[in-house]
**Q** 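Would you mind keeping the following structure in view while I ask a few things?
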Amino acid sequence: MTFTLDEFNQCINDLYDQSKQIHDRWQLIKTPKGTYLIYSFIDDNCLKYDFHIVFSESYSVPVLYFNISHLDGSLLSLDDVWKLFAHKNNSNMYETITQQEHPILHRPFFILHPCHTEKLLKQVSDQSMNKKFLFWLSIYGQSVGLPLSVNYAID
Amino acid sequence: MTTLRFVPYSSAFDTGFWHELTRRKLDIYRLDSSDQSIFGYYSNDANDNMPALFNVDHQCFDENNRISNQQQQYFVNGTLKLVNTIEEFKAFDIDNAMKSESSILWNDFIQGNALENPQKLNRFYLLIFADLKKYIYHYWFAFPTFLMPTSFNLLQPVQSISERFSIDEITVITKALESNQSQACCLHHQKSVISLKKAVQQLNEQPQSAADYIFIVNDPSTDPAHPGWPVRNLLTLLYYHLHAVDQLNVICWRERFRDGQRHVNHSLYLQLKPESIRSNDDSIPPSTGWEKNERQRLGSRQVNLSTSMNPIHLAETAVGLNLKLMKWRLAPEIDLESLEKTRCLLLGAGTLGCNVARCLMGWGVKHITFVDNSRISYSNPVRQTLFTFQDSCENKPKAQAAADALQKIYPGIKSMGYDLTIPMPGHSVTDSTKEKVKEDVNVLHDLIRQHDVIFLLTDSRESRWLPTVIASVEQKIVLCCAVGFDSYVIIRHGVPNDELNSSSSTTYKNLLPGNKLGCYFCNDVVAPGDSSIDRTLDQQCTVTRPGISMMASALSVELLVSIIQHPLRGQCSAMIRADLEETSAPEAISCLGIVPHTIRGFLGRYSTVLPTGEAFSQCVACSPIVRRAFKEDGFSFLLKVFNELNYLEDLTGLLAMQLATDLNEIIELSDDEEI
């Protein structure tokens, strides 16, 4: 169960529109190399979370890229990130955090590896494209601290 | 009467800012350290207890090119000064910079530009030195503000708007401000938004109607009693332009959305008593605003980004991560750290040496040393995978060239090359060469001591003798790999331990412990001699089917990895006929599988057998007799071996054994290679 590039673009545009309606902070970035979504916030410990939703051509699924940085711009290491998420269940096979170069920004980001995404999406194969997208985002996002308002699930 | 105090900005960098800054320095600015205009932004939607952030990100270098579409980001223009040396940074005249930046601000204030365009209410100065060797960035922000008036007097204590206004009033105010995108504006009669310029004009015409005007300024601070820097600048601007107004109402507007709900009640309401700050000559008042460092002192800050920007660091992280992924997802018990620390000595930097090194690097081994006495010739690069055609044109020494090649593949490797001839039995040592040979022996001995694993990858039998003896004495792990035209053999030498020699040679069930395993020479009944005389060309150069070397090298490394995983390492047992057994004895298994003693492969049949050889008590290399002779007599023992025919056979008793074997008593000779 995969997405085409057009389906992906449609889903992220829809999410962005919804976000504007509820005054949430998703940003839609359109570049010649591709379109992606960004969600940024700063937590109570002054750590900045940046989440990017980018399309993976080779797996034909969305991929969640993220970085956690201090306010001076320095990034957390993978060990630090693991410690941060240790309390969330990380034995789940869906959640394998690895580091890769962002395909559009060309600098290192952590990603949740997309190899299991297709299997995950099979569980909701009968749902609409947007619902599938939201399902994916809620599962992958929650394991790395992406806040997703329940309002997105309401039509 | 209380005075108003303000919360200064806290600088915040998006990681992308540093990447873009570096790119511009390298590609655009280069050595030009003149002022560049950039911009930053602040927001008024922070959570409680957050600092008042001032942000710069990768788009801040070009105001026109901003492609993100975030609301509630209020832009501020500024000056970037990117100096070229740390000395310039440390000696920088911060007072002068502050004067020049604040004079731009002051001019915008007194000439009314800031009233027309509230973005001009604020400015900043950013001084940076980028150390692009270490990826350490030194920086210092300044947010100019004026020291006039000396205090902002409040007519009443600071309140939140919910304390001053009713819910309905707040609703009306919020609705009126919904369309406001600017940093500051004014509310007339709490419901119509007018520009600062118009408000000032009207107020100067009718100062008694001051109560009808509330100035609105977006406030990055979250402190319940202290507004942020933009408020201070707005007040300074208004104090300059307003005459005869005896009260000034201000809302420091803070607005955030959580789960679709809007919250504004934490905005502040101020009521101040303005004072005139005009002087006769409109000279610029003293200014302040350099950001304090982490220790709350006036000084610069720095950030170290080498782990995310230094390509060498990035390569290290990526390679390590790759191996860790394998571990996490497929082989959780694998011990990668031990592997990384294993120091490998490769005797021979030819076809086998190059491929063994490549495979070791794939496993994350970081310490590889090559020993070889030959140079790269034209036929080598196609089979010896670390060398290029250019290397062969230059006829480079192999060991060093191999070490250099590894560095080019992965800079984090510790690779070294030694141009060394291994002294061999049957290759006699004359008086003139004696000192050199002794030195070579010592170098080899030291190298073996300094490494954990020795790979025997040379092109002759006799060159393996000395390293086998030394490694046996030093109790090192030895992987011996030899190839024929379409066959190969890989043997892990037995590693003697310090327990007293048990005399029997009985096997233990179906296992042979690690200290009883044989070496490359254990099956020989003759000592290695000079094999180079009387060989045909193909025998001298060991021409094999090219795939053989790759297969053998790979298997040698994989066998080593399995050995390292076993808790007993070189001492781990081998099953007698591992390939014939249905279940494996637990002592002979590592998390990667069995750890055989010998792997013999035959390419003609694509078959592999896993025999196990016991250490021969009269072995010319690893027997106790030879080891003792080496430990006790050192070089003088070796000289005899190199120079005297049959010395080794005599010493070990092989000579006697040969003489005792009466050919007449042998009934049948078997040609079967298999043990």
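Lettering follows sequence order; numbering is per chain, from 1.
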**Q** Between atom CD of A/Gln27 and atom CD of B/Gln73, what is the distance when rounded to the nearest 0.5 Å?
**A**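 Interatomic distance, A/Gln27 CD to B/Gln73 CD, rounded to 0.5 Å: 6.0 Å.
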**Q** Is A/Asp126 atom CG crowded by more than 12 heavy atoms from other residues, nucleotides or ligands, each under 6.0 Å away?
**A**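 Yes, because the 6.0 Å sphere around CG of A/Asp126 holds more than 12 heavy atoms from other groups.
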**Q** For atom CD1 of B/Ile28, is the number of surrounding heavy atoms from other residues, nucleotides or ligands below 6.0 Å larger than 12?
**A** yes
**Q** Rounded to the nearest 0.5 Å, how far does CG of A/Leu71 lie from OG of B/Ser10?
**A** 7.5 Å
**Q** Between B/Asn304 and chain A, with a heavy-atom cut-off of 4.5 Å, which part of the residue counts as in contact: side chain, backbone, both or neither?
**A**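 Contact with chain A involves the backbone of B/Asn304 alone.
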**Q** Can you tell me how far apart NE2 (A/His23) and CZ (B/Arg256) are? Round to the nearest 0.5 Å.
**A**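 It comes to 15.0 Å.
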**Q** What pair of heavy atoms forms the shortest contact from B/Leu321 to A/Gln99, and how long is it?
**A** CD2-N, 3.0 Å
**Q** Do other residues, nucleotides or ligands put more than 12 heavy atoms under 6.0 Å from the CD atom of B/Glu178?
**A** yes
**Q** Heavy atoms, side chains only, cut-off 4.5 Å: are B/His19 and A/Pro108 in contact?
**A** yes
**Q** Pull out the residues in residues 33-45 of chain A that come under 4.5 Å of chain B, heavy atom to heavy atom, sorted by number.
**A**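 Listed by number, the contacting residues are A/Ile42, A/Asp43.
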**Q** Where on A/His106 is there a heavy atom nearer than 4.5 Å to chain B: the side chain, the backbone, both, or neither?
**A** neither
**Q** What part of B/Asp259 is in contact with chain A, defined as an atom under 4.5 angstrom from a non-hydrogen atom: side chain, backbone, both or neither?
**A** both
**Q** With chain A, which of B/Gly16, B/Pro51, B/Ser11 has the greatest number of heavy-atom pairs at distances under 4.5 Å?
**A**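 That would be B/Gly16.
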**Q** If I take atom CD from residue B/Gln261 and atom OG from residue A/Ser149, how far apart are they, to the nearest 0.5 angstrom?
**A** 9.5 Å
**Q** Go through the atoms of B/Tyr139 and report whether side chain, backbone, both or neither lie under 4.5 Å from a heavy atom of chain A.
**A**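 Answer is side chain: those atoms of B/Tyr139 sit under 4.5 Å from chain A.
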**Q** Which one of A/Gln100, A/Lys20, A/Arg25, A/His70 has the most heavy-atom pairs closer than 4.5 Å to chain B?
**A** A/Arg25
**Q** Quick check on A/Asp72 against chain B: is it the side chain, the backbone, both or neither that has a heavy atom closer than 4.5 Å?
**A** both
**Q** More than 12 heavy atoms of other residues, nucleotides or ligands under 6.0 Å from NZ of B/Lys327: is that the case?
**A** yes
**Q** Nearest 0.5 Å, please: how far is NZ in B/Lys324 from CG in A/Asp79?
**A** 5.5 Å
**Q** Roughly how far, to the nearest 0.5 Å, is CG of B/Leu325 from NE2 of A/His113?
**A** 7.0 Å
**Q** Counting C-beta onward and ignoring hydrogens, is there a side-chain heavy-atom pair between B/Met50 and A/Cys46 closer than 4.5 Å?
**A**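 Yes. Closest side-chain heavy atoms under 4.5 Å.
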**Q** Which residue in the set B/Thr15, B/Leu305, B/Val303 passes side chain to side chain contact (heavy atoms under 4.5 Å, CB included) when paired with A/Ser69?
**A**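 Exactly one option meets the side chain to side chain contact (heavy atoms under 4.5 Å, CB included) with A/Ser69, and it is B/Thr15.
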